[in-house]
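First the structure, in the form of structure tokens, and then the observations on it.
Everything numeric in this text was worked out from a predicted model, so none of it was measured. Only this structure's heavy atoms are used, side chains among them; waters, hydrogens and symmetry mates stay out.
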Amino acid sequence: MRILFYPGSFDPVTFGHLDVILRARRLADQLIIGVGKHHEKRARFSVEERIDMLQEVLAEAAAAGGWIKIISFDNLAVEAARQHGATALLRGLRDTADFTYEVQMAAMNADIGGEAREPIETIFLAARPQYRHIAAKFVRQIAAMGGDVSAFVPAAVAARLAK
């Protein structure tokens with residue numbers, strides 16, 4: 001069974017995240033979405049709220065064969081991936097800044113555990129043009145200032161941001 005681990009904060013989940021998730025269906029038998037508890041970031045939504053939003057917007061996709069599992073983690077993404085039997089991490093790339101950061105992270109992740117462990121590979125999916133500009137941090141900023149975020153997130157997420 002091919003298992004991919006897609007880590008992120010998903011604060012909030014955007015159309016860009018959803019595009020990566022749905023495109024991953026062709027790459028793996030199971031996708032585990034890992035909602036991270038980042039110790040240095042202050043999240044807009046709790047981990048539980050982020051998991052609820054993901055479950056809500058992915059209900060139809062998740063029901064199609066049970067190939068999506070959503071979990072939380074508070075350790076290294078590569079270690080969480082190993083704990084859940086994943087052979088690769090899935091990452092989305094919007095631009096060259098993402099690429100530079102993610103390639104460095106992929107190399108670090110492959111080395112974590114040393115030679116005694118099989119390296120965890122990283123698979124990159126380039127963002128589709130219509131989603132390249134979407135960043136959760138900008139969505140949060142727009143929402144905090146009363147702006148319309150409906151072009152960037154599903155309606156259920158926009159409603160939560162408006163509260």
Side-chain angles (χ1 to χ4, degrees), residues 3-25 27-86 88-95 97-98 101-102 105-106 109 120 122-128 130-163:
I3 301 172
L4 294 180
F5 188 80
Y6 183 30
S9 61
F10 305 100
D11 187 35
V13 59
T14 68
F15 287 135
H17 294 128
L18 295 176
D19 181 58
V20 168
I21 290 165
L22 296 175
R23 289 167 57 206
R25 180 67 180 116
L27 304 175
D29 301 308
Q30 183 177 41
L31 177 67
I32 299 171
I33 301 169
V35 178
K37 298 176 187 176
H38 198 293
H39 301 287
E40 294 177 5
K41 287 185 181 177
R42 187 172 167 252
R44 164 67 183 87
F45 294 102
S46 71
V47 169
E48 294 77 18
E49 289 173 311
R50 290 181 269 155
I51 288 173
D52 286 346
M53 281 188 281
L54 279 160
Q55 288 173 335
E56 185 174 357
V57 300
L58 290 169
E60 186 176 311
W67 64 278
I68 295 174
K69 179 179 177 183
I70 304 168
I71 58 106
S72 66
F73 71 101
D74 64 358
N75 55 342
L76 295 172
V78 68
E79 293 300 336
R82 281 192 177 103
Q83 289 169 354
H84 291 277
L89 295 168
L90 176 64
R91 301 299 294 158
L93 299 174
R94 292 173 300 204
D95 56 25
D98 281 355
Y101 174 82
E102 294 293 347
M105 186 61 67
N109 285 335
I120 295 284
T122 301
I123 296 172
F124 300 112
L125 284 180
R128 291 184 186 191
Q130 65 265 40
Y131 303 119
R132 281 194 188 128
H133 63 290
I134 301 174
K137 68 180 178 182
F138 296 137
V139 171
R140 288 191 307 272
Q141 290 173 353
I142 293 166
M145 298 179 78
D148 179 10
V149 294
S150 62
F152 314 119
V153 297
V157 174
R160 287 185 187 225
L161 283 163
K163 288 183 181 176

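Taking Tyr6 as the reference, Phe10 meet the ring pair (Phe, Tyr, Trp, His ring centres under 6.0 Å) condition, with sequence neighbours excluded. Annotation: ring pair (Phe, Tyr, Trp, His ring centres under 6.0 Å) contacts of Phe45 (sequence neighbours excluded): none. For Arg132, there are no side chain to side chain donor-acceptor pair (under 3.5 Å) partners two or more places apart in sequence or in a different chain.
Counting heavy atoms from C-beta outward, Ile68 and Leu54 have side chains that stay 4.5 Å or more apart. Counting only heavy atoms from C-beta outward, the side chains of Val157 and Val139 never approach each other to under 4.5 Å. Between Tyr131 and His17 the shortest side-chain heavy-atom distance does not fall below 4.5 Å. Counting heavy atoms from C-beta outward, Asn109 and Leu76 have side chains that stay 4.5 Å or more apart. Leu31 is listed as a side-chain neighbour of Trp67, based on a closest heavy-atom distance under 4.5 Å. Considering only heavy atoms from C-beta on, Arg44 stays 4.5 Å or farther from Pro12 through its side chain. In this structure the side chain of Gln55 reaches within 4.5 angstrom of the side chain of Ile51, judged on heavy atoms. The closest side-chain heavy-atom distance from Phe5 to Ile120 is not below 4.5 Å.
The distance from the CD1 atom of Ile70 to the CD1 atom of Ile32 is 11.0 Å, given to the nearest 0.5 Å. Note: Ser46 OG to Asp52 CG = 7.5 Å, rounded to the nearest 0.5 Å. Between Met145 atom CE and Arg140 atom CZ the span is 14.5 Å, to the nearest 0.5 Å.
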(request) Could you give me the CA-CA distance, side-chain angles and deciding distance for Val153 and Met53, then say whether side chain to side chain contact (heavy atoms under 4.5 Å, CB included) is met? (result) CA-CA 11 Å; Val153 297; Met53 281 188 281; over 6 Å; no

(request) Could you please spell out the steps behind the side chain to side chain contact (heavy atoms under 4.5 Å, CB included) verdict for Glu102 and Thr122? (result) CA-CA 9 Å; Glu102 294 293 347; Thr122 301; 5.5 Å; no

(request) Walk me through it: do Ile3 and His84 pass the test side chain to side chain contact (heavy atoms under 4.5 Å, CB included)? (result) CA-CA 8 Å; Ile3 301 172; His84 291 277; 5.8 Å; no

(message) Could you go through Leu27 and Leu125, starting from their C-alpha distance and side-chain angles, then the distance that decides it, and tell me whether this counts as side chain to side chain contact (heavy atoms under 4.5 Å, CB included)?
(response) CA-CA 11 Å; Leu27 304 175; Leu125 284 180; 4.1 Å; yes

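Ala126 and Arg23 get closest at one heavy-atom pair: O-NH1, 3.0 Å. Of all heavy-atom pairs spanning Gly36 and Arg50, the tightest one is O-NH1, 3.2 Å. Across all their heavy atoms, Ala81 and Leu89 have their closest contact at CB-CD2, 3.8 Å. Closest approach of Val149 to Ala143, counting heavy atoms only: CG1-N, 3.9 Å. Residues Ala24 and Leu90 approach most closely at CB-CD2, 3.6 Å, considering heavy atoms. What you find for Asp98 and Gly92 is that their closest heavy atoms are OD2-O, 4.3 Å.
Put simply, the side chain of Arg128 never gets that close to the backbone of Val20: no donor and acceptor are under 3.5 Å apart.
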